[in-house]
Each structure stands twice: as structure tokens, then as C-alpha cells.
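Worksheet for the structure shown next.
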Amino acid sequence: MSQLNSQQQRIVSHLEGAALVIAGAGSGKTRVITHRAANLIKQGVPPGAILMVTFTNKAAEEMKRRIQDMAGGEANTRGLMAGTFHSMANRFLRRYGNLIGYDNNFTILDDTDSRDLFKAVIADMVPERQQSNGRKFPTAAVVQGVVSMGFNRGLELGELLERDYPWLIEWMPELEAVAAAYRARKKTSNSMDFDDLLDNWCHLLATCKNLEMAEKLRFVMVDEYQDTNLIQAEILALLAAKHGNIMAVGDDAQSIYGWRGANFRNILDFPERFGGQVFRLEQNYRSSPEILNLANHSINHNTEQFEKRLEAIRPAAGLPGMACLRDEYEEADYVLEKIMEFRDRDIPLSQMGVLYRNHAQSAVLQMRLSERGIPFQVRSGIKFFEQAHIKDVVSFLKVLFNPLDEIAWLRILKMLPGVGNVTARKIYGIFSRQRGVRLAPDNDELNKAVPAKAREQWKEFSLTMKALLADGVGPAEMISMVARGFYHTHLYSAFDNAPERANELEYLSEFASRYGSVERFLSQLALVGAAVIREYEEEQEDDPEFLILTSIHQAKGLEWDAVFLIGLADGRLPHARNLEPLPRLEEERRLFYVAVTRCKRFLELTVPLVSYTQGRAEICRPSRFVEELPTGALEVRQGSREAESLTPLLGQGPGLSVEW
DNA sequence: GAGAACCAGCTTTTT
DNA sequence: GCTGGTTCTC
């Protein structure tokens, strides 16, 4: 690990007061704040007095790992408050939720849960919703998106609709009603969605002063500040109000979460809001001058950005390359060939990364890699925890932990024969009216509600629940008890690939055995999702040599010697939906910027000219982000002959479609 | 009112 | 190919 330069040194030894660090890609920004945290600890600041937050799980993991390394092991950092905004919110609310009207055993609704709840709300509230002059009420997913966007941008529904969803204005009153009902249902079922975690954390800090956990914190640090939204900035302000020791690190050029309400203007507003010093890190320690040159040229096309000039420190490494290939299959073969080449030049697989705009783009490559026996890991949304059977079984633990969890109850109840939406609601209604769940046989009201068809299974269900409640049963045992007991029948009648799913449930149980308490297990599941299981898999991995495939969004903060940026066709990156308005296009360009600046030495861009979607073939042109680069910024590699035969067609613009 | 069977639309990125 | 929604039948 190299020495710190003088500017980095100044930041590391900055002790008191506010500070903003505007830092370019590869300038060591995460390194600087983790260094500072380790430094504070070495100087005797208790780890529990330091809060370090960031937005993504990936970045949070990296941050924690580095601090541990620098501070000399886990023991020295015990008590450190480090993680994502959402997980820190969870810690506060598990302890103090009761102060703002929640039970501390609240459930966290993940994306799917929240959508399910919207679905239920909509079904009840707008039965005659089918049409207003022939138009349909928006789906649960759309409503969920709108409501969440309003929250994250701090906008009233009306204003938001006018600005971004004019076609939904006609539904305004219904949407208001649905949003209000959704809020109420979350409250009665003692659950919080992701937005609530932030909202309630903020609310808690604003209304309850002198919380022990907050009082203890004397140093607040945020990484990737450009990814925060208004409420996150507000939370930070509340946390730092007393001591004023807040350090934010960010790079406006890497702001790629605008679509979910992040606002890189938070960086601009920082000096006004917090005062203090402003540092700049403009030396890039990661990439070759050629790569940096390409990145700088690209980002300069953006009109909305702060002046910043990144200076390369590393030696020259040759021009980045670009190749046009016929389609994804040829592209995959090309990438494979290059991987072999790099390997021959002694670059280990672990020093190569393949990046793409969206997950689907990696499918063909994954297939080829498996065929050739090249080990790889996909760093992206494995939807493991969002599959039906996983959610089904986890629901049992959820209702044990939070008996008012409506979503979990509805899932479970609907597994009973003869019970559908209506009956399930009725039964849940009984639980919530009785302010608790009594499955005892003398609960007459309940017995009446359970249909005759379901009697047998209901009995079995009650027995299973009783068994789960026995002392000393941890999450792992609970899962296998449910999977082998009550759920078994349902699994085999509902899914054609039941044995496979049964295996996955065993796996889930094995995985859960790392967690001693149901609370820890459920929180981790909801907050960290796929990332946590990936970590677990990595631990199991004997061979650490594998290639990484990842979306650009999840690649932030990472770096490799060789980077492949695949699927670089106009309409993919930039994504067709974001060609306008300008701010959206510019965010796409920042995405391109983030992708290329992950690379230290060998950057390879590939363009599949033909893509097959829904049985049609479409001819694309290379991304405009490539075409707008000056000649000499990259070297065009020899693509395939077939691809070349397509080039004359390219002038005709994107989206030229051909029936195959 | 439940549940099977059929049909359409779709695939951006994360907590 | 998969999900979510709708329709049809019992």
C-alpha cells in the first residue's frame, strides 16, 4: 500500500469540524476516510463514537473491511457504527422504535412485500377502478414507484404527478387514498418499508433529543455523498448538530442514483449547510493516462458538472480498445478470447471485471463461461430471497417475530385449501382486532372463519407453530421444521420443480444457522438481501480465482487491471428510456464514466450490433458515448467479418429493425 | 369466493 | 422464459 500524498494526509488528520472532500474517481477517497476512522480509533476515540455511512451494501462492505485492516483487526473496531443508511436506521429503530409508536419487533418490508401490500390495498379500495373513461388504474408496481419517488425527492404527490407522471393526474384522488391506506396498513401491521426506515430514523432524531446512541456519536462520515437524497442529508445534519464533526466525501461525476431521488446538489449545498473546509482530491492513482483521457473527454460532454481536472499518476498502458461484433454470441466469444490473452500475460482472473448496464446482458457470456469452465461470479441481483418458496417459509418466522405482520400472514393463510384473498383478510382481521394471535382451539371467532376444507391443515399448522415457539429453536431449525413439516405438502402441490426448491430451502436453513436470533436473521435478509448470501458463498469458495460479472451500478468503488464493458450499443448504454431529457442522458454518461474509471490498465469496449429481443432482430449502432469521443482516444479492434458487413447499415440510425 | 387456465407485457440501475 | 393480471369455471 502506497503512501498518502500531502492532501490526503491533511484530510486524514482533520480532526474537528465539518469538511467536504470533493474527490475524483480513483483518487483514494474511500481510503482516506477509512484511514481517518482508523486514525481516530488509534488516538483513543472509542469506535462507538464513529458513524460511517454510505448508500450501497457493496460500498459499506468495502468500507468496513478496510477499516478493520487498518485498525488492526476486528477487535479494535468493535462497536463502530458502519453500514448503509438503511442498516443504521434499523439499529436505531430496533432500539428506539417504541418512542415513535412502533413495537421494536417491527418487520422490514422489502420491495416485493411492499408491492404485495399495495396490491392488497388497491384491491380493497378501488374495486370499481377498472376504468375511468376507458383507462385502467395503474398497477401496484407503478403506484409503489410513484409513492416512493415522492418520498425520496421530498415532493407532494400532486407536484410529482405534474412534473413526472402527467398521465396519472386523473387518478390523483384515488392515488392519495391508496397511499394513505398503505401507510395505515403498514402501521397496524407494525412494519416499515425501506423508505420508512429513513423517514422514521429522521423523525426519531428530530423529536427525541438525548438518545444515548446518538449522543455517543462524535464523528460522522459519509462516503459517496453524491448518492444521498434530501432526507439522508437531513439525518446527517441532525446527527452532527451538536458536535459539528461531519465529513462528506463524494464525486458529482459519479452520481448515478438520480433515478431514485439522489441529488448530487447535496455536495454543492454542503458548505452552506455545514460550513467547514473543502478539500479536493484530483490525482488519480488507479488508471492509465489513456483511460483517464478517455474518461475526461467523455464526462466533459456533460453540461451539469463541477470543474474538475483529474491528473493521471500511473504509467502509460496503451490505448483502450473497441470492437464491433455481430451479436452477443460473438461478443461473448471475443471477450473469452481476450480473457485468455490476458491470462497468458499473467493477469489473474480476479483482476478482470466484466461490466454491463443491465443484468440480462450477461446471460450469454455466463453460458459461454460455464461451457469453458472459467470460474466466475455474478455480482448482481440474484433474486434468491425473492422467490416464492423462500418468502413462504420466511413468513413463518416473520409472524412469530411480529404477530401483526399482515403480508406474512396473508401469504401463510392463502396456502390453506379453500382460503383465498377474502378469507385470509377476514382471518387477519380477527388477529388484529384481538390485538394478537391466539390459535387455541377455544377461539370461536377464528374457528368459524376457517373454512371446513382447511380444518385438517389448520390443525397441522397450529401444531407447527407451537413447535417453533419451543425454547432454544433458532432460525435455522425453524426453517427446516417448516420446510419439512407444514410447508412440505404445499410445496409439492404448488411447484412442478418442488425437489429443487426443497433443496434451496435446506440451503436457506444452513445459511440461517449463522444467525442466533430471528431478529438478526430477518433484518439481514431484508436489508442486505442477496449480498449477504454472496458473502457466505464466497467464504465457502475454495478457489478465490474467479472472474467478476457485475452491473455498473454495483461496480462502483471497485477496480480491476482489465475491464470489459460489454453491450455498448446505443439504446443499452445510454438506455433507450433515458435519451431525454438531458439530465437523464447525462446520468447515463456518468454511468459510462464510472464504468471506464474502474479500469487500471486494459480497457476493452465491445459493441454487439444485432440484438434479438422478442423474436425480432434489431440493428444498433455503437453507443453515442463512444462516437462522440475524439479520434485517437481509443483503438478500433478488428471485429468479425460478419459484423463488418453490417456497418454500411449503421448510418440509418438506431432501432432499424429487421424481421429475422 | 376460490383456483385453474389463459394471456400480455416485459427487462434499468438499489435499499 | 417469467410474472402479473384477467377470465372462466366450479
State which of [options] makes the closest approach to the side chain of [X].
X        : options                : result
A/His553 : B/dG1, B/dT15, B/dT14  : B/dT14
A/Arg260 : C/dG4, B/dT11, B/dT14  : B/dT14
A/Ser551 : B/dT15, B/dT11, B/dT14 : B/dT14
A/Thr84  : B/dA2, B/dT14, B/dT15  : B/dT15
A/Lys119 : B/dT13, B/dT15, C/dG5  : C/dG5
A/Thr139 : B/dT14, C/dG5, B/dG1   : C/dG5

Would you classify [X] as touching base, sugar-phosphate or nothing, given that sugar-phosphate means primed atoms plus P, OP1 and OP2, and contacts are heavy atoms under 4.0 Å?
X        : answer
A/Asp110 : nothing
A/Ser87  : nothing
A/Tyr257 : sugar-phosphate
A/Arg115 : sugar-phosphate
A/Pro417 : sugar-phosphate
A/Asn578 : base

message: Tell me whether A/Arg455 at atom CZ has more than 12 heavy atoms from other residues, nucleotides or ligands lying less than 6.0 Å away.
response: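 Correct, the count exceeds 12.
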message: Counting neighbours of CD on A/Glu460 that are heavy atoms of other residues, nucleotides or ligands and sit closer than 6.0 Å, is the number greater than 12?
response: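 Yes, enclosed.
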field: A/Val354 and A/Thr550: CA distance, side-chain angles, deciding distance, side-chain contact (heavy atoms from CB on, under 4.5 Å) verdict
entry: CA-CA 6 Å; A/Val354 181; A/Thr550 171; over 6 Å; no
Starting from [atom2] on [N], measure out to [atom1] on [X] and report it in whole angstrom.
X        : N      : atom1 : atom2 : value
A/Ile552 : B/dT13 : CD1   : P     : 11 Å
A/Gln457 : B/dA2  : CD    : P     : 16 Å
A/Glu328 : B/dT11 : CD    : P     : 17 Å
A/Phe137 : C/dT6  : CZ    : C1'   : 17 Å
A/Ile256 : B/dT13 : CD1   : P     : 12 Å
A/Glu224 : B/dT15 : CD    : C1'   : 15 Å
A/Met415 : B/dA2  : CE    : P     : 16 Å
A/Gln144 : B/dT15 : CD    : P     : 15 Å

- request: Check step by step if ring pair (Phe, Tyr, Trp, His ring centres under 6.0 Å) holds for A/Tyr257 and A/His553.
  value: CA-CA 9 Å; A/Tyr257 288 98; A/His553 280 88; 5.2 Å; yes
query: So, is A/Gln554 close to the B/dT13 phosphate, meaning a side-chain N or O under 4.0 Å from OP1 or OP2?
result: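 Result: no.
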message: With a 4.0 Å cutoff (strictly under), does any side-chain N or O of A/Asn421 reach OP1 or OP2 of B/dG1?
response: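 A/Asn421 to B/dG1 OP1/OP2: no side-chain N or O under 4.0 Å.
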Upstream residue (5' side of DNA chain B) when A/Gly418 and A/Thr56 are each assigned their closest nucleotide: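 It is A/Gly418, whose closest nucleotide lies nearer the 5' terminus.
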message: On DNA chain B, compare the nucleotides closest to A/Asp195 and A/Val422; which residue's is nearer the 5' end?
response: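 Taking each residue's closest nucleotide, the earlier one in sequence belongs to A/Val422.
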field: Centroid distance under 5.5 Å and plane angle under 30°, A/Trp259 vs B/dT13
entry: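 According to the criterion (under 5.5 Å, under 30°), yes, A/Trp259 stacks.
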- prompt: How long is the gap from CG on A/Leu197 to CE on A/Met192, to the nearest 0.5 Å?
  reply: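 It comes to 6.5 Å.
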message: Tell me which one of A/Lys391, A/Lys186, A/Arg411, A/Arg185 satisfies salt bridge (Lys or Arg N to Asp or Glu O under 4.0 Å) with A/Asp116.
response: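 The option that passes is A/Arg411.
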